[in-house]
2 protein chains.
Amino acid sequence: MSPEQLDPQVLALAQSFRTTLRHAVYLSRSMDSDGDITAMQMSTLSMAADAPLRVSRVAANLGIRVPSATEQIIKLEQAGLVSRQPDPTDSRAVLVELTEQGRAAWEDASRRRNARVAALLDRLDDGERATLAAALPIIQKINHTL
Amino acid sequence: MSPEQLDPQVLALAQSFRTTLRHAVYLSRSMDSDGDITAMQMSTLSMAADAPLRVSRVAANLGIRVPSATEQIIKLEQAGLVSRQPDPTDSRAVLVELTEQGRAAWEDASRRRNARVAALLDRLDDGERATLAAALPIIQKINHTL
DNA sequence: GCTCATAGTTAGGAAGCCTAACATTCTGAG
DNA sequence: CTCAGAATGTTAGGCTTCCTAACTATGAGC
């Protein structure tokens with residue numbers, strides 16, 4: 001909490017990082033806006049693709065409150081993409097899992113979006129792609145320390 | 001538009017990029033949610049900090065429609081942070097510029113947010129920071145090719 | 001068994017974004 | 001010079017997403 005102790009170089013990087021990420025929000029929005037599945041729904045589906053998970057975990061992973069997660073999950077359920085099952089180990093909890101249709105929709109949407117982003121990345125040279133590949137885990141690491 | 005031609009390695013990078021960016025949205029949101037100025041307002045203020053600009057340019061830079069930009073700008077105006085002046089070269093257009101109070105608020109908010117992000121980046125080692133610094137311009141470049 | 005914490009849902013409201021319709025100003029073709 | 005169409009914003013109305021507060025139902029500890 002003492003700004004004087006911060007390395008100016010780190011501060012400059014922080015500024016650049018913040019700005020880049022702010023713009024990347026719009027990049028991400030446009031990358032993930034395709035068809036009828038929203039970015040948030042994509043996130044939820046990809047979480048559930050690994051294994052069924054609780055509503056509260058969906059909320060935590062999305063950085064939203066539980067009621068908001070419930071709302072989104074209900075929409076996914078009405079669209080037939082996920083099902084809500086009571087957790088056998090805790091009857092208070094609800095497990096969100098992909099339906100067959102949900103898995104198909106998720107895989108399809110992923111494929112199309114990946115192809116579009118790959119087309120963007122294709123314009124970079126090998127060095128740039130290598131740098132980007134090296135930086136992504138670091139950004140994820142920062143994300144986890146949140 | 002022919003997915004078969006895409007390098008699998010580039011596709012994998014695209015997937016990772018997309019996922020990282022999607023999570024970074026929430027990171028950015030938490031980094032930029034501080035006090036009373038929202039992330040979008042910060043973006044608008046930082047644009048106007050360089051030079052007065054039109055409503056349509058604000059909208060374009062934020063990736064939103066003109067009416068939505070108008071709405072945000074009116075809020076900033078009501079908060080006393082920007083003023084709306086008719087463009088002397090085109091009376092249809094409106095120039096958004098920072099007020100003194102707006103500039104002070106922006107500088108203050110920037111300082112605090114940069115300090116908080118710098119504290120996160122401080123936990124990385126020098127190599128990680130170097131990689132991150134190298135990657136940021138590349139992400140910006142991708143952003144511009146949008 | 002009572003009490004308190006935990007998991008989700010429901011209800012109601014705030015904020016942000018959108019499209020459609022409109023007023024005003026500019027531009028250029030005749 | 002005039003008038004039709006383009007460009008710039010604003011207003012109006014609606015949709016979506018998120019929030020907090022209040023509630024139900026289940027689990028856990030004394």
Side-chain angles (χ1 to χ4, degrees), chain A residues 22-23 25-45 47-48 52-79 81-97, chain B residues 22-23 25-45 47-48 52-79 81-97:
Chain A
R22 208 168 48 211
H23 291 143
V25 168
Y26 302 109
L27 174 61
S28 173
R29 187 175 298 168
S30 95
M31 284 188 329
D32 267 343
S33 77
D34 174 45
D36 27 311
I37 298 183
T38 69
M40 250 229 19
Q41 292 177 327
M42 271 304 275
S43 298
T44 305
L45 291 180
M47 281 185 261
L53 77 173
R54 293 182 171 188
V55 172
S56 51
R57 276 206 66 76
V58 172
N61 288 345
L62 290 177
I64 61 179
R65 303 293 169 185
V66 170
S68 308
T70 295
E71 192 177 352
Q72 296 301 328
I73 290 166
I74 287 176
K75 281 187 187 163
L76 285 171
E77 189 181 33
Q78 288 170 345
L81 302 182
V82 305
S83 71
R84 289 193 292 173
Q85 307 290 341
D87 185 335
T89 74
D90 184 341
S91 340
R92 292 172 304 176
V94 168
L95 288 180
V96 178
E97 53 184 334
Chain B
R22 207 169 47 210
H23 290 143
V25 168
Y26 303 109
L27 175 61
S28 174
R29 186 177 297 169
S30 97
M31 283 189 330
D32 268 343
S33 77
D34 175 45
D36 26 310
I37 299 181
T38 68
M40 252 229 16
Q41 293 178 327
M42 270 305 275
S43 297
T44 305
L45 291 179
M47 280 185 262
L53 75 173
R54 294 181 171 190
V55 172
S56 51
R57 277 207 67 74
V58 171
N61 287 345
L62 290 177
I64 60 180
R65 303 293 170 183
V66 171
S68 308
T70 296
E71 191 177 352
Q72 296 301 326
I73 290 165
I74 287 177
K75 280 186 190 166
L76 285 171
E77 190 181 31
Q78 289 171 342
L81 301 182
V82 306
S83 72
R84 288 193 291 174
Q85 308 289 341
D87 185 335
T89 74
D90 186 340
S91 338
R92 291 172 303 178
V94 168
L95 290 181
V96 178
E97 54 184 333

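Since the model is a prediction, treat every value here as computed from it, not as a measurement.
Within 4.0 Å (heavy atoms only), A:S91 reaches sugar-phosphate atoms of the nucleic acid but no base atom. Residue-level contact check: A:E71 touches the bases, meaning some heavy atom is under 4.0 Å from a base atom. Here B:V66 lies in heavy-atom contact (under 4.0 Å) with a base. Within the nucleic acid shown, B:D90 comes within 4.0 Å of sugar-phosphate atoms alone, with no base atom in reach, counting heavy atoms only. A:R84 comes within 4.0 angstrom of the backbone, heavy atoms only, and of no base. Within the 4.0 angstrom heavy-atom criterion, base atoms lie near A:S68.
Put simply, the residue from A:R92, A:R57, A:R54 that forms a salt bridge (Lys or Arg N to Asp or Glu O under 4.0 Å) with A:D87 is A:R54.
Here the OG1-NZ distance, from A:T44 to A:K75, works out to 11.5 Å after rounding to the nearest 0.5 Å.
Residue A:T70 has no polar side-chain atom (N or O) positioned under 4.0 Å from OP1 or OP2 of C:dG8. For C:dG8, one of the phosphate oxygens OP1 or OP2 lies less than 4.0 angstrom from a side-chain nitrogen or oxygen of A:S56.
For A:R65 and D:dC19, the CZ to C1' distance is 8 Å, given to the nearest whole Å. One can place CD of B:Q85 at 14 Å from P of D:dG9, the figure rounded to the nearest angstrom. Atoms CD (A:E77) and P (C:dG8) sit 14 Å apart, rounded to a whole Å. Atom C1' of nucleotide D:dC18 and atom CD1 of A:I73 are separated by 14 Å, given to the nearest angstrom. Between the CZ atom of A:R54 and the P atom of D:dA25 there is a distance of 19 Å, rounded to whole Å. If you take CD of A:Q72 and P of D:dT16, they are 11 Å apart, rounded to a whole angstrom. Taking atom CZ on A:R57 and atom P on C:dG8, their separation rounds to 11 Å, with Å as the unit. Per the geometry, CG belonging to A:L53 stands 13 Å off P belonging to C:dA7, to the nearest Å.
Considering only heavy atoms from C-beta on, B:P88 comes within 4.5 Å of B:L95 through its side chain.
In terms of heavy atoms, A:V82 sits closest to A:I73 at CG2-O, 3.9 Å.
With DNA chain D read from its 5' end, the first of the two nearest nucleotides for A:M40 and A:R92 is the one closest to A:M40.
In this structure, the nucleotide among D:dT16, D:dT20, C:dC18 sitting nearest to the side chain of A:K75 is D:dT16.
Few gaps surround CZ on A:R84; more than 12 heavy atoms of other groups in view lie less than 6.0 Å from it.
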